[in-house]
Structure formats: C-alpha cells, structure tokens
Trainee: 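Mind having a look at this structure? Questions to follow.
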Amino acid sequence: MTERTLQWERSSSDDGTTLAFRGAMRLDHGAALWRTLDAELVDGARVTADLGSVTVADGGCVAMLVALEGDAANRGATLTVAGANDGIARLLALHRDRTSPPTARPRKPGFFHLVGEAAVVATRTARQAFDFIGRAAVAAGSAVRSPRAIQWSAIPSLVERAGANSIPIVVMINFLIGAILAIQSSSPLERFGANIFVVDLVGISVARELGPLMTAIIVTGRSGAAYAAELGTMRVSEEIDALRTLGFDPMHFLVFPRVLALLIVLPLLTVIADFVGLLGGLAVAVVQLDITVAAFLARLEVAVLFGDVASGVIKSAAYAVTIALIACERGLTTRGGAAGVGASTTSAVVLTLFSLIALDAVFTALFRVVNL
Amino acid sequence: MTAARDVAIRARDLTIGWGNFVLLDRIAFDIARGDICAILGGSGCGKSTLMRHLIGLEHPKGGTIEIQGAPPGTVREGRPPFGVMFQSGALFGSMSLLENIDLALARWTDLERPARRAVALSRLELVALGGFEHHQPAEISGGMKKRAAIARALALDPSLLFLDEPSAGLDPISAVELDELLITLNETLGVTIVIVTHELASIFKVAHDCIMLDKKSRGIIARGNPRTLRDESDDRFVHAFFNREAMGE
C-alpha cells in the first residue's frame with residue numbers, strides 16, 4: 001500500500017459499524033470518503049471511523065469528517081472518529097473548535113417584494129437623476145465664474161474619442177439607413193408613379209429623425225458606455241474619493257468636460273449623418289429608380305427646408321447632454337467591484353436609449369406646436 | 001543548501017526584468033518545505049514581481065524556478081500546486097464568500113455539493129469568517145476580505161501558500177490575528193508559506209526565514225532568520241531595515 005491510496009474495511013458488531021481506514025486521506029479521496037460515510041449514517045446507526053492506520057489527512061477530509069460528525073445527530077445517528085495520530089488529532093481539534101452552525105441562505109424575495117423593490121429603486125434613481133442634473137446645472141454656473149476648476153485639457157481628447165473616432169461607423173450606418181429607406185419606399189411610391197417623392201421621404205426622415213437619433217444611439221453605445229465604465233471604475237477604485245481629497249469637484253473635473261465634448265461632437269456628427277444618409281438615398285434613387293442626380297437635388301431643395309435640418313441639430317444637442325449626464329451619473333454612483341461597473345454600464349445604456357426616444361417624442365410634439 | 005526532498009521552492013540563476021531592464025540579476029535561493037519565509041526589501045526592489053514569477057504569472061528573463069520539483073508554469077496546466085492571496089484580496093465580486101471558495105473545489109475535485117460546502121465552510125471557520133458565507137465581498141471589511149482570500153487560497157489544501165502584503169492596511173488587532181492564523185496553518189496543516197511584506201512586527205512573529213532583496217545590487221543582500229539578521233547583520237541597509245532607522249548619508 002502506498003501513501004497515495006486510501007482503503008477501508010467495513011465490519012459490524014453489536015456496538016455498530018466500524019470503517020477502518022488505511023493509507024493517506026487526501027482531498028482526492030474526499031468524494032469516496034463522503035459517499036461512504038454519508039451512506040452509513042442512517043437513522044439509529046452507530047458508526048466509528050477508525051483512523052488508526054491513516055498516516056496523513058488533508059484539511060479538507062478532516063473538515064468533512066467534522067461536518068459529518070455534527071450532521072449525524074440530525075439524522076438520529078452517531079459518528080465517532082477514533083484512533084487518529086497526533087497530527088490528525090490536532091487537525092480534528094482545530095476544525096471542531098471552529099465549527100459554528102451555518103447561517104441560513106437569505107430567502108429569495110417573492111414577486112410582490114420584487115415589484116415593491118423595483119418601485120423604490122425607480123423612485124430613488126429618478127431622485128438621484130434630478131439631483132445630479134441640478135448639481136450639474138449649478139456646476140455649469142460656477143464653472144463660468146471659476147474656469148480653472150474645469151479640466152479643459154481633457155476636452156480635445158474626449159472630442160477626438162467621441163467624434164473623430166466615431167465618424168466611420170456613423171457614416172456607414174447612416175448611408176445604409178438612407179439607402180434602406182429609399183429601397184423600402186420605392187415600391188409603394190412606384191405604384192402611384194410618385195418615384196420622385198422618395199427624395200421627400202428620405203430627406204425629411206433623415207434630417208428630422210433618423211440622422212440625429214441613429215447618431216445619438218451610436219454615441220451612446222460608444223461614448224456613453226465608455227464614460228459610465230470609466231467613471232465607475234474610478235469610483236470603485238477610490239480614484240473619485242482621491243480627487244475630492246485633492247480639492248477637485250468630480251462634477252467640474254470629470255462631468256463638465258464630457259458634457260461639453262459631446263455637445264461639440266454630436267451636432268457635427270449629426271450633420272455628417274444627414275449628408276451621408278441623403279447620399280444613401282441618392283445612390284438608390286439613381287441606380288434603382290431612374291432618378292437623375294440633378295432631379296434628386298432639385299427635389300431635395302424643395303422638400304427639405306432649413307428648419308428640418310435645424311430641428312435635427314437642436315435635438316442632437318439635447319441628446320448630447322442627456323447621454324453625457326446619464327452616463328456620468330451612472331458611473332459616479334457605481335457600487336461594488338467589477339460587477340458594479342458592469343451593472344452601471346448596462347444601466348447607463350438602457351436608460352439613455354429610453355430617454356433618447358422619450359426626448360424625441362417630446363421634441364416632435366414641441367416642434368409641431370412651434371411649427372419648426 | 002537544503003536537501004532536494006525538503007525544498008519547496010528552488011530558484012537558480014534567476015534573472016527578472018523587462019526589455020533591457022534587469023530588476024533582479026542571477027539570484028539563487030531555496031525555500032525549505034514547512035518554513036514561513038518572508039521576502040523583504042525596500043520599495044521597488046522587486047518583491048511582488050518575484051512572487052508573480054514564483055507563481056508562474058510572469059516568465060523570467062533567465063534561470064529556472066522549481067515549485068515542489070516542477071516549473072511554476074504548471075499553474076495554467078492543471079490543479080494549482082499552491083494557493084495565492086493577492087494584496088487586494090481579489091475576491092470575485094459577483095460571488096458570495098462560499099462561492100468564491102467553492103469555485104476551485106468544483107473545478108478540481110469530484111466532491112459532491114454537500115461535501116464541497118462542508119469544506120468551504122470549514123475554510124471560512126478557519127479564518128474566523130463563520131457566518132459570513134453568504135456575504136458578498138463588497139459587504140465585508142478590508143481585513144475580512146484578506147482573510148476570505150486566504151480561505152480561498154486554502155480551498156484545495158495546498159502545501160504551499162503565497163501571500164502578498166497580507167497585513168498591509170489592517171488594524172493592529174486584525175494584523176496579529178492574521179499572524180496567528182498563519183502560524184496555525186503552518187504548524188497544524190504543515191503549509192509552507194511565502195510572504196511578501198514590509199511589516200516588521202509580523203516578520204519577527206511569523207517568519208522562520210527571510211530573503212532580503214536590494215534594488216541597487218539587483219540581488220539578495222541578506223538571508224536567514226529575521227531576528228538573527230536584526231541582531232547580527234553588519235550590512236548597513238539590513239541593520240537599518242530591521243531596526244527602522246534612517247540610512248542617512
């Protein structure tokens with residue numbers, strides 16, 4: 001028998017069952033050890049684990065023996081561990097000294113509990129959001145009075161990351177959106193001999209709605225998520241606290257530059273998006289609908305007014321503030337470790353997308369009222 | 001030199017660095033099985049970096065390391081031969097303490113769930129965290145996180161334990177309790193322990209042996225029992241380090 005094996009013999013007498021173990025009791029033998037003893041410990045059983053021939057035991061195996069000793073009483077059985085050598089006896093004593101009843105796993109909350117909790121969280125989130133917006137507005141005011149509090153040097157790189165680096169994806173998606181709109185609308189319009197009105201449909205849809213909205217969604221996915229993750233990581237690694245102790249207000253130092261960067265970038269990206277969206281429509285119109293470039297441009301001049309483009313750009317500025325504020329608020333209120341950062345990032349993206357659509361609806365109604 | 005069968009860690013001609021930069025140059029040492037060995041030295045001398053090499057997270061520029069006779073690279077190839085406690089604890093934040101410990105047991109043993117639970121609970125009891133098994137790491141203090149990280153490092157009954165700054169940032173009582181836990185683990189379970197630390201009180205209390213690294217000479221400047229080195233070393237730096245003295249000019 002080598003030191004690596006564990007064997008046992010089972011014998012029964014009037015005093016109960018004895019399992020005489022031999023060899024080394026390693027964690028690798030733990031599964032067999034547990035199963036064997038677990039099967040013996042039925043109601044009324046008196047079991048002795050004889051360790052007289054066990055040379056060495058791992059802490060894990062000793063922990064299992066001690067756990068089964070305690071559990072035996074609950075099953076109406078007894079387990080006696082006997083014959084341990086000095087080393088194993090010390091391990092047994094160490095584990096027995098430190099055994100306390102396990103705490104109950106927290107109960108899973110019921111349906112009504114979850115609904116109530118969700119309502120409380122939603123209320124708290126809304127209150128936090130309004131509080132944050134208020135503090136951001138105050139910070140913007142005080143930034144005008146003390147511009148040195150703002151981290152101006154961060155703005156160019158933030159503009160580059162959110163703007164220049166987004167151009168390829170903005171161009172690709174908006175070109176395709178313009179082209180898809182033209183393709184989808186061509187069939188019904190062709191039936192009425194109204195091909196040329198594809199220009200109206202694509203032009204107005206892209207300038208007023210899809211250009212600003214699709215660009216804002218792209219920026220939410222790229223920059224909004226990045227802001228939430230970045231500030232969330234800073235929060236959990238105590239960098240935000242360190243900033244405060246150095247006399248910096250995170251609102252000035254971190255939030256304001258990000259709001260400003262998106263405020264510069266998003267309207268510009270929206271203008272680019274409008275342009276390439278129209279190009280997508282033009283490409284389909286020329287190739288599939290036999291509309292000449294000149295005819296497309298002439299119709300575009302009539303169909304799309306300055307107000308259409310302006311309304312999209314105005315919306316994009318509001319979207320920029322919304323994206324930056326939500327992302328920063330989610331990031332700065334992150335709790336916990338890596339999981340908290342993930343939750344904040346997800347929450348920032350979902351909340352921003354919802355807010356963008358809600359804001360779009362408000363703007364659409366508002367522009368209708370003021371006839372823009 | 002220690003007999004081969006009694007050696008837990010063996011390093012020969014070990015050179016550590018990046019690119020052209022050499023942090024430690026051709027160092028050699030053995031750490032005996034069953035010892036508590038402290039790796040010491042001034043800031044930036046490469047203590048934590050040496051530990052990262054010993055556990056196989058980084059590869060040396062030259063030389064060899066053997067952990068219980070095998071290269072440390074085996075850390076990625078099978079059941080880890082050692083447990084590691086990182087300075088921050090590095091507990092998995094999305095899991096309870098029990099789940100943190102159960103993770104390795106589920107991966108590397110064929111124990112059934114109740115047996116794994118018994119082992120994991122005993123590990124938490126061992127570090128005086130009984131009753132906290134369902135807590136998330138974010139819900140416990142820094143000292144408790146360190147103890148939980150030790151419990152996780154002990155999950156697979158390793159015969160070798162690496163601890164990076166275990167008592168840094170702990171209050172004096174928690175630090176002493178941690179020292180006593182390390183002594184208990186060493187004496188009762190026979191675990192060889194390698195500690196990277198600056199804490200003199202802890203070094204004198206727990207360490208049988210120490211390896212003192214030096215930034216300037218990029219090597220080992222002292223080796224042996226810390227109390228003996230404190231009382232007998234002629235080296236100015238070693239003397240100043242153990243007696244908390246300024247070096248002056």
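To find a chain, count down the sequence lines: A is the first, B the second, and so on, and within it residues start at 1. Side-chain atoms are counted along with the backbone in the values below, which use heavy atoms only and exclude waters and symmetry mates.
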Trainee: So for atom CD, which belongs to A:Glu239, do other residues, nucleotides or ligands contribute more than 12 heavy atoms lying within a distance under 6.0 Å?
Mentor: yes
Trainee: Can you check whether anything in residues 179-199 of chain B gets within less than 4.5 Å of chain A, heavy-atom wise, and list it by number?
Mentor: B:Thr184, B:Glu187, B:Thr188, B:Leu189
Trainee: Within a 6.0 Å radius of atom CG on A:Asn74, are there more than 12 heavy atoms belonging to other residues, nucleotides or ligands?
Mentor: yes
Trainee: Quick one: what part of B:Leu124 sits under 4.5 Å from any heavy atom of chain A, side chain, backbone, both or neither?
Mentor: neither
Trainee: Side chain, backbone, both or neither: which part of A:Ala339 has a heavy atom under 4.5 Å from chain B?
Mentor: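 Just its side chain gets close to chain B.
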Trainee: Which bit of B:Pro114 comes within less than 4.5 Å of chain A, counting heavy atoms only: side chain, backbone, both or neither?
Mentor: both
Trainee: Counting only heavy atoms from other residues, nucleotides and ligands, does the tally under 6.0 Å from NZ of B:Lys205 exceed 12?
Mentor: yes
Trainee: Looking only at non-hydrogen atoms, find the nearest pair between A:Ala63 and B:Val119 and report the distance.
Mentor: CB-CA, 4.3 Å
Trainee: Given a strict heavy-atom distance threshold of 4.5 Å, which part of B:Ala155 is in contact with chain A: side chain, backbone, both, or neither?
Mentor: backbone
Trainee: Please round to the nearest 0.5 Å and tell me the distance separating atom CG of B:Leu111 and atom CZ of A:Arg35.
Mentor: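 Result: 9.0 Å between the selected atoms.
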Trainee: Residue by residue, which of residues 138-151 of chain B have a heavy atom closer than 4.5 Å to a heavy atom belonging to chain A?
Mentor: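 From residues 138-151 of chain B, the residues near chain A are B:Ala138.
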Trainee: Mind checking the CG-OG spacing from A:Leu91 to B:Ser122? Nearest 0.5 Å is all I need.
Mentor: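 Answer rounded to 0.5 Å: 10.0 Å.
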Trainee: Contact part of B:Arg123 toward chain A, heavy-atom cut-off under 4.5 Å: side chain, backbone, both or neither?
Mentor: side chain
